[in-house]
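Atoms within each ligand, like the ligands themselves, are counted from 1 in listed order.
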Amino acid sequence: MTKHKPSIPFLDLHKINSRYHKQLKSRFSDFLDSGRYIKGGFVEEFEHTFAKFCGTKYCIGVGNGLDALTLILRGYIELGKINPGDEVIVAANTFIATILSIKYSGLKPVLVEPDEKTFNLDTHRIEQYITDKTKVILPTHLYGQLAKMKEINAIAKQHDLLIISDAAQAHGAKDDSDNVAGNLCNASSFSFYPAKNLGAYGDAGAVTTNDAVLAKIVRSLGNYGSSIKYENDYPGVNSRLDELQASFLLEKLKDLEEDNKLRRQIAKRYLSEIKNEKIQLPFWDGSENHVFHLFVVRIADRFEFCDYLEKTGIGYLIHYPIPPHHQKALKQFSNLSLPITEKIHEEVVSIPLNIGLENHQIEQIIKTLNQY
Ligand SMILES: Cc1ncc(COP(=O)(O)O)c(C=O)c1O
């Protein structure tokens, strides 16, 4: 987004990843020696370790976060728990991938406004959108903060709905009973896109669930619908986590808890030290329910503010500049009136928050925002 190279980049992935170079070189050498590139021991080990991290019985490595969600939905369709054309409730301001996964599965996305305070699905609005066709509530834990899962669980229970969460931005977020994202509903999807809190070195994703039947079908669907070589039970796709990404992810997973802690510490500083009436800071209750994948502020005059960040050398991004229902790719939703979503997309700016930031850079960011 920034036009000139900022003195404080939004995210310096090379710097963050450089602390792993030695271990990854050794892992790469093991990978070469193994002669196994797909469906080998590293994927199995990662799946086992990530399931343990999330507290779920199963983890299935897949190609990316979009596929993870699509495979869950398709899995439930194959199991007859949902039917093509059924409705899925989703936050209108989520990343487009969440909505695309619903479309790809032949289901109907029902876009619901978010809660202005948390940017997550507004649980007070869900029930008015429930029809005979509604089968799933699909909350995203946007920017790294858990959606209100207790409320969503209560609604789902009352209306006999499935809950599938998009946890692409929330690896390691915990509720007040210490349940971790990925283990808060029927099934969850993760993305390990390089910039995520747990980021691979290419595309990668995973599904977590406690449902043995769903786990089996998701694994099969991601492998051409096959559990036994050359026997195809479903019209599946090719979406498998590869051995190298799995091995690299295993290395980074060791630090995820500490990294999330550090992210929360930086967020705490921003929240207590940025004091500027023009800048609306994000809501956080101070618990571990937020892993600050992004630190998103709101500002009425975004154009002017971004210009200021350019001039002062602070990197920034906008998550996201165009609401999904205004994207050309989702034309069928263009007539929807979603004023909260639209206003959020006009006002949000993500400022740097990552584990590569030095103390003096954090101070510089705070000072620059206070001087705006
Ligand atoms: C909320 C959300 N959902 C889904 C995705 C899709 O993940 P991927 O890019 O790995 O397909 C992403 C990440 O890009 C995301 O942020």
Problem - F192 ring center near F46 ring center (under 6.0 Å) - result: yes
Exercise for the section: Ignoring angles and geometry beyond distance, decide whether L142 reaches within less than 3.5 Å of ligand 1 through its nitrogen or oxygen atoms. Expected result: no
Handout entry: F305-Y316 aromatic ring centre distance below 6.0 Å
Key = no
Practice task
Say whether A168, considering both its backbone and side-chain N or O atoms, lies within less than 3.5 Å of an N or O atom on ligand 1.
Solution key: no
Handout entry: E44, CD atom: more than 12 neighbouring heavy atoms under 6.0 Å
Key = no
Practice task
Please check if any side-chain donor atom of E243 sits under 3.5 Å from a side-chain acceptor atom of S34, or the reverse.
Solution key: no
Practice task
Indicate, as side chain, backbone, both or neither, the part of T140 found under 4.0 angstrom from ligand 1 when only non-hydrogen atoms are considered.
Solution key: side chain
Exercise for the section: Determine whether the aromatic ring centres of F292 and Y143 lie less than 6.0 Å apart. Expected result: no
Handout entry: Protein contact of atom 12 (C) of ligand 1 - nearest heavy atom, named by residue and atom, plus distance
Key = F95 CD2, 3.6 Å
Exercise for the section: Verify the ring-centre separation between H345 and H319: is it less than 6.0 angstrom? Expected result: no
Exercise for the section: Mark up the atoms of ligand 1 that fall under 4.0 Å of a heavy atom belonging to K196, in ascending order. Expected result: 12 (C), 13 (C), 14 (O), 15 (C), 16 (O)
Handout entry: Beyond-backbone contact of F42 with L244, side-chain heavy atoms, under 4.5 angstrom
Key = no
Exercise for the section: Could you find the nearest protein heavy atom to atom 1 (C) of ligand 1 and give me its residue, atom name and distance? Expected result: D166 OD2, 3.5 Å
Practice task
Report the nearest protein non-hydrogen atom to atom 16 (O) of ligand 1: residue, atom name, distance rounded to 0.1 Å.
Solution key: Q169 NE2, 2.8 Å
Practice task
Quick one: look up the protein heavy atom nearest atom 9 (O) of ligand 1 and list residue, atom name and how far away it is.
Solution key: S191 OG, 4.1 Å
Practice task
Mark up the atoms of ligand 1 that fall under 4.0 Å of a heavy atom belonging to L66, in ascending order.
Solution key: 6 (C), 7 (O), 8 (P), 11 (O)
Problem - Atom indices of ligand 1, in the order listed, that fall short of 4.0 Å to a heavy atom of A97 - result: 4 (C), 5 (C), 6 (C)
